[in-house]
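Just so it is clear, the values below take in all heavy atoms, side chains as well, and ignore hydrogens, waters and symmetry mates. Throughout, a chain's letter reflects where its sequence line sits, starting with A, and its residues are numbered from 1.
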Amino acid sequence: MIDSAAFISFLEKNFQFICGVPCTYFKKMLIFLAEHKSELQLQHILATREDEAMGIASGVVFSGKQAIVYMQNSGLGNVGDALTSLAQLYKLPMVLLISYRGLESDRSFPEHDIMGEVNEAVLKAFNVPYWILSESGWESEMNLALKEMKNSSSPVALLVKDGVLSE
Amino acid sequence: MKGFEVITAMKDYISEKDIIISSNGNISREVYHHLPQPQVYLRGSMGLPVAVGLGLALANPNNRVIVVTGDGNFLMGMGSSVTASFYKPKNLKILILDNKSYFTTGGQQTVSPALNYSKFIDSLNAEYKNSKEASKDQIKEDLSRFLNSNTFAMLHLIIEASKENLENIPWHPENITKEFTGKISKLS
């Protein structure tokens with residue numbers, strides 16, 4: 001598992017805002033955010049839907065600041081218009097941290113099966129470049145994602161599998 | 001009153017430092033043509049103007065951020081008004097222009113009449129809240145109190161369903177971003 005303190009410290013250096021809808025896969029990271037709220041230079045904004053989170057992040061990016069949006073991959077089904085008619089259309093760079101549900105460890109949760117199967121195809125169809133976050137190479141994967149985000153001035157995604165950001 | 005008449009009446013209260021987010025369709029066109037430029041003119045993103053406005057308000061605490069949205073857009077993203085009210089940024093003002101229809105797409109009716117806006121806005125505890133029919137003799141006072149309130153504010157105005165024949169916004173969204181971020185960088 002990636003150390004929550006190290007991960008949040010990395011986010012703090014690259015973003016002023018973090019916004020999203022939770023997934024169990026982010027539990028540790030979200031607990032860390034809540035517990036260290038007062039000393040962090042990273043403003044955490046709750047959202048009711050994933051496209052709303054992208055809307056809030058877009059407002060932040062329109063202001064010349066940086067935002068990262070977290071969501072479960074079920075929420076990927078909710079953000080199609082926020083991607084194509086807002087963040088991509090207006091060239092608003094942001095990182096989407098998406099939990100990769102529906103793989104082997106989720107066999108008792110059939111609600112994730114279908115999105116799990118098409119998750120990467122959906123990102124490809126929307127032309128969102130993505131990286132799969134690994135425990136050993138997460139910093140270089142995040143740096144690659146950030147570099148692409150800046151070059152394209154558009155959203156990029158990081159997929160988070162079970163056990164990577166929470167036990 | 002008609003929507004563009006309300007938007008035109010806002011002009012007297014808007015300064016260069018203000019940030020406006022307009023919802024897609026006629027409202028964005030009217031804001032583009034009648035109010036100081038540049039602003040965040042949404043072209044798609046149906047349901048998201050309040051969310052975008054919240055992001056702008058939180059990232060620019062020293063500037064007034066005004067969301068101008070129609071009822072169709074507002075209803076699609078209704079959860080965002082709850083999120084906005086959770087944070088209650090003092091600089092965020094949400095104006096809902098309610099013609100009870102999706103006017104840009106041909107005037108199809110919305111479900112807006114089912115919502116008691118007065119009670120809904122009241123339940124969000126906005127410090128400034130008002131829900132009424134827009135009227136020519138009161139619009140100046142209503143807009144002035146709404147826009148000059150030093151608090152999270154929501155104003156719901158029932159308007160006549162009608163539109164002006166305005167040209168499409170000539171800027172590509174990429175240019176909207178370029179113009180707007182240019183303005184923001186000068187403000188800070």
Side-chain angles (χ1 to χ4, degrees), chain A residues 15-22 34 37 40-69 71 75 77-96 126 149-155, chain B residues 19-21 23-25 28 38-63 65 67 69 73 76-87 89 91-92 171-188:
Chain A
F15 305 95
Q16 287 89 56
F17 286 85
I18 181 166
C19 181
V21 181
K37 193 181 170 185
L40 288 175
Q41 299 293 315
L42 183 65
Q43 213 171 322
H44 182 200
I45 308 298
L46 314 174
T48 64
R49 285 174 58 101
E50 298 80 3
D51 57 348
E52 176 186 294
M54 281 190 67
I56 294 169
S58 297
V60 168
V61 178
F62 270 126
S63 314
K65 296 180 178 172
Q66 282 75 42
I68 178 165
V69 175
M71 68 182 80
N78 278 344
V79 301
D81 190 46
L83 261 174
T84 56
S85 81
L86 181 60
Q88 290 176 326
L89 182 69
Y90 286 76
K91 292 271 180 201
L92 303 172
M94 63 182 70
V95 170
L96 309 176
F126 279 120
M149 175 194 86
K150 283 170 194 158
N151 285 342
S152 63
S153 196
S154 293
Chain B
I19 295 166
I20 304 173
I21 300 94
S23 65
N24 55 318
S28 266
Q39 307 292 351
V40 177
Y41 312 107
L42 296 180
R43 298 202 57 127
S45 335
M46 184 81 179
L48 297 181
V50 173
V52 178
L54 174 61
L56 280 155
L58 294 168
N60 302 281
N62 299 320
N63 297 91
V65 175
V67 176
T69 175
N73 240 298
M76 188 183 278
M78 215 163 147
S80 299
S81 56
V82 182
T83 307
S85 116
F86 183 79
Y87 292 102
N91 55 336
L92 181 60
W171 302 351
H172 184 275
E174 286 180 30
N175 293 86
I176 294 176
T177 304
K178 216 172 277 175
E179 295 287 339
F180 182 78
T181 49
K183 161 175 155 172
I184 286 279
S185 64
K186 277 178 230 151
L187 289 178
S188 50

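Heavy atoms closer than 4.5 Å to chain B are found nowhere in A:Gln16, neither backbone nor side chain. Contacts of B:Leu42 with chain A are made by both backbone and side-chain atoms, with heavy-atom separations under 4.5 Å. For A:Leu92, the part lying near chain B is the side chain, with the backbone staying farther off; criterion is any non-hydrogen pair under 4.5 Å. Heavy atoms of B:Leu58 lying under 4.5 Å from chain A belong to its backbone as well as its side chain.
A:Met71 has its side chain within reach of A:Val79: a pair of non-hydrogen atoms, C-beta onward, lies under 4.5 Å apart.
Note that CD1 of B:Ile19 and NZ of B:Lys183 are 6.5 Å apart. Values are rounded to the nearest 0.5 Å. Between the CZ atom in A:Phe15 and the CE atom in A:Met94 there is a gap of 10.5 Å [rounded to 0.5 Å].
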Exercise. Quick one: do B:Asn24 and B:Asn73 satisfy side chain to side chain donor-acceptor pair (under 3.5 Å)? Show the steps, please.
Key: CA-CA 8 Å; B:Asn24 55 318; B:Asn73 240 298; 2.4 Å; yes
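Ranked by heavy-atom pairs shorter than 4.5 Å toward chain A, the options B:Ala59, B:Gly44, B:Gly47 are led by B:Ala59. Here B:Gly55 is the residue among B:Ala57, B:Gly55, B:Pro49 with the most heavy-atom pairs under 4.5 Å with chain A.
Side-chain contact, A:Glu52 with B:Ser80: a donor N or O sits under 3.5 Å from an acceptor N or O.
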